[in-house]
Amino acid sequence: MNKWQWGLLGTLFVVIVGSTLQHRELYAKGYFLHLAVFAAYTVTACMLLREEGEKTTIGRLMVVLGLIIFSVTSLELGFEIYRRKPFDEPGLVTLLSICQLLTVSILAMKVFCLRKGDNPFAGIKAQYVIWFIIGMGFLYLAFDEKMLFHEGIDRTGHKILHMSLDSISSRADDVLVGIYGIVALFVLNLYKKEIKLFRKSLRYFHFGFGMLFASVICDVTASNIDFFSWVFENQETAHAVFYYTNLVEEIFKLMGESFFLTALYKCLLLLRSGEIAGFEPAPADPEPIS
């Protein structure tokens, strides 16, 4: 194993074991079967960073990630591993989300190092710096998923503006996640020359953003049951749609993260194949002849 694999392994081990110990009474409902699923995820993620031997294909990776998402959601629903409602913090879905976000972050940093090579850091104007920004962005999202920063920002905003929590203002933290996505698209556009080099990975980025905004739409509409009570006269129907929209929102989120993970892995494959080379600085101006 190389240093990248050890780094990812150590990170995932701390997150998975730490979360299991912290919420052991909750996870015990599922007889700690989640450890087998997360062990499979950890092995899969670490294999993406190996530098020698047979490489994991994109198709195989997407199938494995799909099975892991299915297994985690089935465990959480089947054994009712939640406190208030399915897929709520700090359940297994949240834990998988954190692991995927951290994996994407490390893959992005690996791509950044390969593109930069041994050249001195050329500053934020260098096109390859986008991979460092992506890595830091997903690292922040992983911490946000664990610490709920966006909800804290929402509550702080209510206090500063002396606003009462109502059906509209309660959706502010959900909209903030969508703003994250819009900012990400704006930043990617600033470095579009670099992104276009990896055009074979763009379809996975597109699917990732599609799933992200679909999850935001579901999250905003399902933040409060009032919207569904307005749409459906039958309150039983309203409650049922409200319940399943919340479930779909979390599944969209996991799928979006898996597409971003696949996109970054595809970028890594393109670099390893030699199809895209490392960053080559512009040649220095010739010295004037005296």
Side-chain angles (χ1 to χ4, degrees), residues 12-13 15-45 48 56 58-104 138 141-142 144-146 148 150-151 174 177 181 204 207-223 225 228 239-263 265:
L12 294 179
F13 178 83
V15 170
I16 295 167
V17 174
S19 183
T20 300
L21 292 175
Q22 183 181 5
H23 308 295
R24 55 189 178 277
E25 293 182 2
L26 182 63
Y27 293 172
K29 292 181 178 181
Y31 305 100
F32 298 105
L33 292 174
H34 72 284
L35 291 174
V37 179
F38 281 93
Y41 174 83
T42 301
V43 171
T44 301
L48 302 181
T56 303
I58 294 294
R60 187 184 304 169
L61 173 61
M62 296 186 71
V63 169
V64 171
L65 290 177
L67 290 173
I68 288 172
I69 291 173
F70 175 78
S71 300
V72 167
T73 53
S74 297
L75 281 173
E76 183 157 339
L77 291 173
F79 291 100
E80 298 183 353
I81 307 175
Y82 51 85
R83 293 197 172 118
R84 295 180 300 166
K85 60 182 181 179
F87 302 164
D88 197 14
E89 294 86 3
L92 299 180
V93 165
T94 300
L95 179 57
L96 178 59
S97 177
I98 294 170
C99 290
Q100 288 197 128
L101 291 169
L102 288 171
T103 304
V104 176
F138 276 96
L141 291 176
D144 188 12
E145 187 76 355
K146 176 64 177 177
L148 301 177
H150 63 283
E151 293 189 10
D174 307 319
V177 177
Y204 307 110
F207 280 122
F209 278 106
M211 293 293 176
L212 167 65
F213 289 117
S215 72
V216 170
I217 292 171
C218 290
D219 202 11
V220 170
T221 55
S223 178
I225 199 172
F228 299 103
H239 278 83
V241 176
F242 171 70
Y243 173 82
Y244 287 110
T245 302
N246 272 294
L247 299 188
V248 169
E249 180 263 323
E250 293 293 334
I251 293 173
F252 276 149
K253 181 176 71 174
L254 289 180
M255 292 177 63
E257 292 164 357
S258 69
F259 275 116
F260 285 127
L261 195 158
T262 303
Y265 178 59

**Request:** Could you pull out all residues at least two apart from Phe228 that satisfy ring pair (Phe, Tyr, Trp, His ring centres under 6.0 Å)?
**Result:** none
**Prompt:** Is the backbone N or O of Thr94 less than 3.5 Å from a side-chain atom of Glu89, with the two atoms forming a donor-acceptor pair by type?
**Reply:** no
**Message:** Could you check whether any side-chain N or O of Ser19 sits under 3.5 Å from a backbone N or O of Ile16, counting only pairs where one atom can act as donor and the other as acceptor?
**Reply:** no
All N/O donor-acceptor pairs, side-chain side in residues 60-79, below 3.5 Å, sequence neighbours left out:
{"residue": "Ser71", "atom": "OG", "partner": "Leu67", "partner atom": "O", "Å": "2.8"}
{"residue": "Thr73", "atom": "OG1", "partner": "Ile69", "partner atom": "O", "Å": "2.9"}
{"residue": "Thr73", "atom": "OG1", "partner": "Phe70", "partner atom": "O", "Å": "3.0"}
{"residue": "Ser74", "atom": "OG", "partner": "Phe70", "partner atom": "O", "Å": "2.7"}
{"residue": "Glu76", "atom": "OE1", "partner": "Leu92", "partner atom": "N", "Å": "2.9"}
{"residue": "Glu76", "atom": "OE1", "partner": "Val93", "partner atom": "N", "Å": "2.9"}
{"residue": "Glu76", "atom": "OE2", "partner": "Phe87", "partner atom": "N", "Å": "2.6"}

Under 3.5 Å, which donor-acceptor pairs link side chains of residues 31-41 to any protein atom two or more places apart or in another chain?
{"residue": "His34", "atom": "NE2", "partner": "Thr20", "partner atom": "OG1", "Å": "3.0"}
{"residue": "Tyr41", "atom": "OH", "partner": "Cys99", "partner atom": "O", "Å": "3.3"}
{"residue": "Tyr41", "atom": "OH", "partner": "Thr103", "partner atom": "OG1", "Å": "2.7"}

**Reported CD-to-CG distance for the pair Gln100 and Leu254, which is rounded to 0.5 angstrom** = 6.0 Å
**Message:** To the closest 0.5 Å, what do you measure between CD1 (Ile98) and CG (Leu141)?
**Reply:** 11.5 Å
Cut-off 3.5 Å, no hydrogens considered: what does the side-chain donor-acceptor table look like for residues 240-249, sequence neighbours left out?
{"residue": "Thr245", "atom": "OG1", "partner": "Val241", "partner atom": "O", "Å": "2.6"}
{"residue": "Asn246", "atom": "ND2", "partner": "Phe242", "partner atom": "O", "Å": "3.0"}

**Item:** Pair Glu257-Val104, side-chain contact (heavy atoms from CB on, under 4.5 Å): steps then yes or no
**Value:** CA-CA 8 Å; Glu257 292 164 357; Val104 176; 5.7 Å; no
**Request:** Identify, with sequence neighbours excluded, every residue that meets side-chain hydrogen bond (donor to acceptor under 3.5 Å, both in side chains) alongside Gln22.
**Result:** Lys146
**Asked** Should Glu145 and Lys253 count as an ion pair when the cut-off is N to O under 4.0 Å?
**Response** yes
Just distance, no hydrogens or angles: give the donor-acceptor pairs under 3.5 Å from side chains in residues 208-216, sequence neighbours left out.
{"residue": "Ser215", "atom": "OG", "partner": "Leu212", "partner atom": "O", "Å": "2.6"}

